[in-house]
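Encoded as structure tokens, the structure appears first; notes follow it.
Atoms within each ligand, like the ligands themselves, are counted from 1 in listed order. Note that the numbering runs from 1 along the sequence shown for the chain.
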Amino acid sequence: MSNLSDFPTNPDVVIVGAGAAGLGAARKLVKSGRSVLVVEADRRVGGRAWTQTDSFGSPVDMGCSWLSGSNRNKLAKVARRHEFTLVDHTDVPTALFVDGRRATHEELTAYDTTGAMIEKAMNRAGKRGLDVSCEDVIPKGLRFAGAVKAWMGPMDYGVDFKDVSALDDYLSADDQPSCIVAEGLGNVVAMLAIGVPIALGTKVRTIDWSGKGVQIETSAGTIRAKICIVTVSTGVLASDAIRFVPELPVAKQEAIHDLPMGLLVKVPLLFDGARLGLKDNEWMSYDIPETSPTRACFFITWPFGYDYVFGNIGGEFGWELSRAGPEATVDFALQEMVKQIGSDVRKHFVKGLATEWATNPLTLGAYAALRPGCHGARKILQAPLGDRVFFAGEAMGGRRCALVNGAYESGRRAAKELCKLT
Ligand SMILES: Cc1cc2nc3c(=O)[nH]c(=O)nc-3n(C[C@H](O)[C@H](O)[C@H](O)COP(=O)(O)OP(=O)(O)OC[C@H]3O[C@@H](n4cnc5c(N)ncnc54)[C@H](O)[C@@H]3O)c2cc1C
């Protein structure tokens, strides 16, 4: 592990954060011949791309798992180059349950029809430029709307369906095919760190851009550079963990406020090898009432044939459970499985985990979700300050915002822009 004392503290460019955005920027700048230093508060690289292997004996992606648009996704290229195993996960079947039994053929058709109707209504509104809540533009009283909206809101955007902007959704790419990575997507992103100077365990506290260049105060000392790229989450920016001198312009502060963090809590549950009637690599969901917040945990079953499923809980209810702690979160997920599948679930259950992105001070949520009515905030956030402080990260991922490849591309774009200036 490298510390700040291992590097010169006067690089051309300092990059705050060694997630996909920071590493994407750093690689481009190293290639261009600039001197670069990445400072990362954590003791590992990858940020919200993190594969855990200690707990279950097989890789578990605690952050991102899917590489969307994997034919053109640059991170999929990295994965292939390093001989990772990519498994197609496009249009995998849904095991839908209704009151503890498998849905009938008619129910499955009704579920698909509702999904298609809601999607169509959202697209129509987005196409018309309506930057309003998705809830305001969809037909009401549809069978299985609770489950469909749970997927489209909390499980996808990390916010309840009413908090998704129809316009932002319309402007987001829906890249297919999508793949999962047997050895872990977090491990793919970690490959980007090869050959990049990174000071780990170095927390940035102040970014002073009042003079020529920037002066960065960290937990391990001071760095002076010509330019800085900030890649921390909007949750971290909003928390004031990093002080800007002079403070950020009001428009920038408002943009941060308009891009609050959504939350997706992942709940991997390890079993003893029993399959509980569920197939490998499927979605499992169930009929739920249309409540807000959405109280649901939907699952991916036995990814790659590993002996675990992972639950997904998002939106307001995810924050509520995160406050209650990992044990309460695992309990909820397990109980939801028992309700649909029966008491065998408890008999074969070994142990569970719950991700803690909500309380981790280096993330404070999963990914940014634009508030309805705030279109334009992403661009404002992305604009550089005085040509010496640049911003990148998933919230500025363009049509791939919230995604790991969007974060990566945003870092590369910031690097490219600053190369034009220096
Ligand atoms: C549960 C979950 C599921 C997801 N699923 C998917 C998916 O399936 N597909 C997909 O494409 N995307 C997914 N994502 C989103 C994806 O993981 C993120 O968009 C991406 O990893 C963000 O990268 P980033 O570089 O913008 O930010 P980060 O990865 O957060 O990097 C920022 C870095 O800054 C560091 N930092 C913070 N504060 C400081 C400080 N003061 N000083 C120094 N360093 C600091 C952090 O430790 C972090 O390493 C998921 C995310 C989560 C949480």
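- Considering each of Gly318, Pro361, Cys64, Gly201, the one bringing a non-hydrogen atom nearest atom 4 (C) of ligand 1 is Cys64.
- At a heavy-atom cutoff of 4.0 Å, ligand 1 is contacted by the backbone of Thr202 but not by its side chain.
- Of all the atoms in ligand 1, the ones that sit under 4.0 Å from a non-hydrogen atom of Val232 are 34 (O), 36 (N), 37 (C), 38 (N), 39 (C), 45 (C).
- For Thr363, no nitrogen or oxygen atom sits less than 3.5 Å from a nitrogen or oxygen atom of ligand 1, counting backbone and side chain alike.
- Less than 4.0 angstrom separates some heavy atom of Gly19 from each of these atoms of ligand 1: 25 (O), 29 (O), 31 (O).
- A side-chain donor-acceptor contact under 3.5 Å links Asp174 and Gln176.
- An N or O contact shorter than 3.5 Å links Glu394 to ligand 1 by distance.
- Protein heavy atom in closest approach to atom 34 (O) of ligand 1: Gly17 CA, 3.2 Å.
- Salt bridge absent: Lys149 and Asp160 never bring a charged side-chain N and a carboxylate O closer than 4.0 Å.
- Of the residues listed (Leu259, Thr234, Leu167), the one engaging Leu370 in a side chain to side chain contact (heavy atoms under 4.5 Å, CB included) is Leu259, and it is the only one.
- With contacts defined as side-chain heavy-atom distances shorter than 4.5 Å, the pair Glu254/Ile380 does not qualify.
- For the pair Leu237 and Leu381, the minimum side-chain heavy-atom distance is below 4.5 Å.
- Of all the atoms in ligand 1, the ones that sit under 4.0 Å from a non-hydrogen atom of Met62 are 1 (C).
- The nearest protein atom to atom 11 (O) of ligand 1, hydrogens excluded, is given as Val404 N, 2.9 Å; this is a heavy-atom distance.
- Heavy-atom contacts of Ala366 reach the following atoms of ligand 1: 53 (C) (cutoff under 4.0 Å).
- Polar contact with ligand 1: absent for Leu185 (N/O pair, distance under 3.5 Å).
- Arg412 and Glu409 are joined by a salt bridge, as a carboxylate oxygen and a charged side-chain nitrogen come within less than 4.0 angstrom of each other.
- Given atom 3 (C) of ligand 1, the protein heavy atom at minimum distance is Gly63 O, 3.3 Å.
- Near Gly46, with a cut-off below 4.0 Å to any heavy atom, the atoms of ligand 1 are 29 (O).
- Side-chain contact between Tyr157 and Ser172 is present, with at least one heavy-atom pair separated by less than 4.5 Å.
- Here the shortest heavy-atom pairing between Leu264 and Ala366 reads N-CB, 3.4 Å.
- At under 3.5 Å, a nitrogen or oxygen of Trp66, whether backbone or side chain, sits near a nitrogen or oxygen of ligand 1.
- Every atom of ligand 1 with a heavy atom of Gly393 under 4.0 Å away is listed here by number and element: 26 (O).
- With a heavy-atom cut-off of 4.0 Å, Ala402 touches ligand 1 through its backbone alone.
- Taking 4.0 Å as the cut-off between side-chain N and carboxylate O, Arg399 and Asp168 do not count as a salt-bridged pair.
- Protein heavy atom closest to atom 29 (O) of ligand 1, with residue, atom name and distance, is Arg48 N, 2.8 Å.
- In terms of protein heavy-atom proximity, atom 44 (N) of ligand 1 is nearest to Ala41 N, 3.1 Å.
- Residues His89 and Ile300 are in side-chain contact: their nearest non-hydrogen atoms beyond the backbone lie under 4.5 Å apart.
- The closest protein non-hydrogen atom to atom 23 (O) of ligand 1 is Ala407 CB, 3.5 Å.
- The N/O atoms of Ser65, backbone and side chain alike, include one that comes under 3.5 Å of an N/O atom in ligand 1.
- Short contacts between ligand 1 and Val39, defined as distances under 4.0 Å to a heavy atom of the residue, involve ligand atoms 43 (C), 44 (N).
- Under the 6.0 Å distance and 45° angle rule, Arg275 counts as a cation-pi partner of Trp302.
- Counting protein heavy atoms only, atom 49 (O) of ligand 1 is closest to Glu40 OE1, 2.6 Å.
- Atoms of ligand 1 lying under 4.0 Å from any heavy atom of Ile242, numbered from 1 in the order shown and given with element: 41 (N).
- Between Phe84 and His82, the ring planes lie perpendicular to each other; the angle is over 60°, past the 30° to 60° tilted range.
- You'll find the side chain of Arg34 reaches within 4.5 Å of the side chain of Cys419, heavy atoms only.
- The single protein non-hydrogen atom nearest to atom 42 (N) of ligand 1 is Val204 N, 2.9 Å, given as residue, atom name and distance.
- Aromatic ring centres of Trp283 and Phe298: separated by at least 6.0 Å.
- A salt bridge between Lys420 and Glu417 is absent, with no side-chain N of the basic residue lying under 4.0 Å from a carboxylate O of the acidic one.
- Contact annotation for Ser233 and ligand 1: no heavy atom of the residue comes within less than 4.0 Å of the ligand.
- Atom CZ of Phe304 and atom CG of Asn281 lie 6.5 Å apart (nearest 0.5 Å).
- In terms of polar-atom proximity, Ala20 is counted as a contact of ligand 1, with an N or O under 3.5 Å from an N or O of the ligand.
- Not one N or O of Lys266 is nearer than 3.5 Å to an N or O of ligand 1, by distance alone.
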